[in-house]
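Any value given below was found using the heavy atoms of this structure, including those in side chains, with hydrogens, waters and symmetry copies removed. Every value quoted in this text rests on a predicted model; they were computed, and no experiment measured them.
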Amino acid sequence: MIEVAEIRLTWLPLRNGTYCAMLGRHEVAFVMKRETMSDWAWRISHCNGTNNTGFHYEPTLEGAKSAVLAGVQEWFRQAGFR
């Protein structure tokens with residue numbers, strides 16, 4: 001069984017400072033640079049079963065990527081994985 005801590009995301013650069021997080025062949029999140037601010041917006045989608053379309057914000061790209069990974073891992077924990 002895969003441990004939650006072993007979950008890794010692949011980040012694909014799209015365009016204009018936007019990245020897509022992939023879990024295998026599945027899109028699970030997006031991170032994008034906000035044009036008028038100096039921070040990064042991120043949203044998990046297609047993964048956690050919610051219709052949450054709101055964004056969260058982090059001051060750095062690495063912080064946003066870490067927040068996405070933590071959110072995906074938490075969803076798997078809630079789904080019963082260790």
Legend entry - Distance (rounded to the nearest 0.5 Å) between S38 OG and K33 NZ: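 It comes to 5.5 Å.
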Checking the side chain of [X] only, and the main-chain atoms of [Y] only, is there a donor and an acceptor separated by less than 3.5 Å?
X: R25; Y: M22; result: no
X: T18; Y: L14; result: no
X: Q73; Y: V4; result: yes

Inset, instruction - Would you mind reporting whether Y19 and L61 have side-chain heavy atoms less than 4.5 Å apart? - result: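 Yes, their side chains come closer than 4.5 Å.
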Inset, instruction - Would you mind reporting whether F76 and L23 have side-chain heavy atoms less than 4.5 Å apart? - result: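 They are in contact (side-chain heavy atoms under 4.5 Å apart), so the answer is yes.
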Legend entry - From CA spacing to verdict: side-chain contact (heavy atoms from CB on, under 4.5 Å), R34, Y57: CA-CA 9 Å; R34 294 205 302 172; Y57 305 96; 3.2 Å; yes
Legend entry - Non-hydrogen atoms of L69 and I7 that approach each other most closely: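 Taking every non-hydrogen atom into account, CD1-O, 3.6 Å.
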Legend entry - Where W40 and G17 come nearest, the two heavy atoms and their spacing: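 Smallest heavy-atom distance, with atoms named: CZ3-O, 3.3 Å.
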Inset, instruction - Please report the C-alpha distance between M32 and F55 in whole Å, then the side-chain angles of each, then the deciding distance to 0.1 Å, and finally whether the side-chain contact (heavy atoms from CB on, under 4.5 Å) criterion is met. - result: CA-CA 10 Å; M32 63 195 73; F55 283 90; 3.8 Å; yes
Inset, instruction - Give the cluster check for F81 versus I44: same hydrophobic cluster or not, with ILVMFWY residues linked at side-chain heavy-atom distances below 4.5 Å. - result: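 They do share one cluster, since a chain of ILVMFWY contacts under 4.5 Å joins F81 to I44.
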Legend entry - Heavy atoms from other residues, nucleotides or ligands near CD of E35 exceed 12 (cutoff 6.0 Å):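 Check fails, neighbour count at 12 or below.
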Inset, instruction - Evaluate the side-chain contact (heavy atoms from CB on, under 4.5 Å) criterion for residues W11 and C20: first the C-alpha distance (whole Å), next the side-chain angles of each, then the deciding distance (0.1 Å), finally the verdict. - result: CA-CA 6 Å; W11 291 94; C20 176; over 6 Å; no
